[in-house]
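Scroll down for the structure; my scribbles are underneath it.
All values below were derived from every heavy atom in this structure, side-chain atoms included, with hydrogens, water molecules and symmetry-related copies excluded.
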Amino acid sequence: MNGRDFAVEIGISHRMLVTWEQRQESITPRAANQAALDTMLSCAGLAVQERFAALITAKAALKSDPRSEQLLRRDETQHKKHPVDGKLMVAIGEGIHLAGLNGKPTWLGTYCMDVCPTTNADYDRFVKATGHRTPQHWRDGHCPESLSDHPVVWVTWHDASAYAAWAGKALPTSPQWEKAARGAKGRIYPWGDAPTAAKCNVQDSGIGRTTPVTRYQSGVSPYGLFDMCGNTWEWCSTETSPGRHELKGSAFTSPFSRATPHLFNDADATMADNDTGFRCVSGDR
């Protein structure tokens with residue numbers, strides 16, 4: 001788009017945009033303007049995001065640039081590949097974490113959790129190995145190629161549990177899920193305490209559908225887990241009453257006000273919807 005259209009999209013004057021172009025790296029946008037830029041980038045197509053990544057990579061190669069280095073920083077979290085479903089998992093160490101709205105100290109033992117929600121491609125391997133029924137959005141029972149890296153949806157708690165059993169894993173308890181999302185210090189959101197809707201796929205984002213599970217690089221949790229806010233609700237093993245289980249994380253259909261990981265939600269184990277999926281945990285280190 002041209003400069004004037006870009007300025008309108010961001011919500012600034014064309015004169016301010018000209019100033020940004022003239023002053024370049026010396027500019028520090030106001031928080032609202034930076035959030036608008038982040039939102040525009042997160043909602044852009046894959047080609048735009050790849051071009052942005054190429055630009056900052058080239059910039060970092062030419063000279064030392066703190067912002068580019070931060071954007072490109074290497075994740076030091078140690079991952080391991082699960083031997084059955086092949087998903088990357090990360091160890092969550094034993095210890096006390098601050099849980100719930102009031103930060104109640106809570107102890108959990110060591111466990112591993114999937115870095116990303118279970119995708120359609122992951123679920124396809126499970127279906128082919130077991131003959132389990134396919135989700136209703138798979139046309140003619142085939143995994144849609146365009147959604148292979150999106151979280152699988154239209155799965156009941158029983159479907160999710162069947163996948164976990166096949167993989168030799170389990171669905172996380174609600175406390176396990178919350179610690180993985182908030183870290184030991186009990187962040188309000190996975191990325192910190194700032195309410196930044198641009199870091200996740202929620203109703204406010206205006207996308208209206210699921211997104212690839214690794215899209216929101218800036219929204220990862222302290223343990224490097226993706227989509228712990230938004231995209232899809234995730235089933236937990238915690239039973240709230242007979243036949244009902246907790247859901248965590250909010251979805252693309254949820255207002256951002258429902259995105260905080262400590263909030264409560266549950267559903268009947270037979271419920272399946274276009275905004276509900278899951279990820280798994282393992283007791284192995």
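- Between the Thr106 side chain and the Lys104 main chain, a donor and an acceptor come within less than 3.5 Å of each other.
- In this structure, Trp138 and Tyr123 have perpendicular ring planes: the angle between them is above 60°, well past the 30° mark.
- A heavy-atom distance below 4.5 Å is not found between the side chains of Arg182 and Leu98.
- Here the CG atom belonging to Asp275 is positioned 10.5 Å from the CG atom belonging to Asn201, to the nearest 0.5 angstrom.
- Val155 and Val127 fall within a single hydrophobic cluster, where Ile, Leu, Val, Met, Phe, Trp and Tyr are joined by side-chain heavy atoms under 4.5 Å apart, directly or via other members.
- Looking at Ser161, its side chain never comes within 3.5 Å of a backbone N or O of His158 through a donor-acceptor pair.
- With hydrogens and angles ignored, the 3.5 Å screen pairs a side-chain donor or acceptor of Thr238 with a backbone N or O of Ser174.
- A distance-only check finds no donor-acceptor pair linking the side chain of Glu246 to the backbone of Asp266 [under 3.5 Å].
- A pairwise comparison of heavy atoms in Pro151 and Thr211 identifies CD-O, 3.4 Å as the closest pair.
- Clustering ILVMFWY residues whenever any of their side-chain heavy atoms sit less than 4.5 angstrom apart, transitively, puts Trp157 in the very cluster that holds Trp166.
- Expressed to the nearest 0.5 Å, how far OG1 of Thr260 lies from CZ of Arg187 amounts to 15.0 Å.
- In the hydrophobic clustering of ILVMFWY residues, with side-chain heavy atoms under 4.5 Å counting as a link, Val8 and Trp20 come out apart.
- Judged purely by atom type and a 3.5 angstrom limit, Gln176 has no side-chain atom pairing as donor or acceptor with the backbone of Ala180.
- Considering all non-hydrogen atoms of both residues, Asn231 and Pro212 come closest at ND2-O, 4.3 Å.
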Q.
Walk me through whether His137 and Val153 qualify under side-chain contact (heavy atoms from CB on, under 4.5 Å).
A. CA-CA 8 Å; His137 68 295; Val153 293; 3.8 Å; yes
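- Using modelled atom types, no side-chain atom of Thr134 and backbone atom of Cys143 make a donor-acceptor pair closer than 3.5 Å.
- Nearest heavy-atom pair, Glu178 versus Pro261, reported as atom, atom and distance to 0.1 Å: CG-O, 4.4 Å.
- Between Ile27 atom CD1 and Met16 atom CE the span is 8.5 Å, to the nearest 0.5 Å.
- The shortest distance between side-chain heavy atoms of Tyr163 and His132 does not fall below 4.5 Å.
- Proximity of a side-chain donor or acceptor of Thr110 to a complementary backbone N or O of Glu94 within less than 3.5 Å is detected.
- Within 6.0 Å of CD in Gln24 there are more than 12 heavy atoms belonging to other residues, nucleotides or ligands.
- In this structure the side chain of Tyr223 never reaches within 4.5 angstrom of the side chain of Met113, judged on heavy atoms.
- When every heavy atom of Cys236 is checked against every heavy atom of His245, the shortest pair comes out as O-CB, 3.6 Å.
- Atom NE2 of His14 is separated from atom CZ of Arg4 by 4.5 Å, given to the nearest 0.5 angstrom.
- Pro190 approaches Gly219 most closely through the heavy-atom pair CB-O, 3.6 Å.
- Residues Met228 and Val115 share a single hydrophobic cluster, defined by chaining ILVMFWY side chains whose heavy atoms lie under 4.5 Å apart.
- Residues Cys116 and Thr214 form a side-chain contact, since some pair of their non-hydrogen atoms from C-beta on lies under 4.5 Å apart.
- Listed for the Asp85 side chain is a donor-acceptor partner under 3.5 Å among the backbone atoms of Lys87.
- Salt bridge absent: Asp227 and Arg279 never bring a charged side-chain N and a carboxylate O closer than 4.0 Å.
- Checked options Asn120, Thr210, Thr119; the residue passing with His150 is Thr210 (criterion: side-chain hydrogen bond (donor to acceptor under 3.5 Å, both in side chains)).
- Annotation: side chain of Trp233 is in contact with side chain of Ser250 (closest heavy-atom distance under 4.5 Å).
- No side-chain heavy atom of Tyr111 sits under 4.5 Å from any side-chain heavy atom of Ser282.
- Taken to the nearest 0.5 Å, the CG atom of Asp273 stands 12.0 Å off from the OG1 atom of Thr156.
- With contacts defined as side-chain heavy-atom distances shorter than 4.5 Å, the pair Thr240/Phe264 qualifies.
- Each of Met89 and Leu171 belongs to its own hydrophobic cluster when Ile, Leu, Val, Met, Phe, Trp and Tyr are linked at side-chain heavy-atom distances under 4.5 angstrom.
- Listed here is the closest heavy atom pair of Trp235 and Ala269: CH2-CA, 4.2 Å.
- The structure places NE2 of His79 at 11.0 Å from CG of Asp114, a figure rounded to the nearest 0.5 Å.
- Residues Ser218 and Trp191 are not in side-chain contact: their nearest non-hydrogen atoms beyond the backbone lie 4.5 Å or more apart.
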Q: Verify side-chain contact (heavy atoms from CB on, under 4.5 Å) between Cys200 and Phe256, making sure each step is shown before the conclusion.
A: CA-CA 9 Å; Cys200 56; Phe256 184 63; 3.8 Å; yes
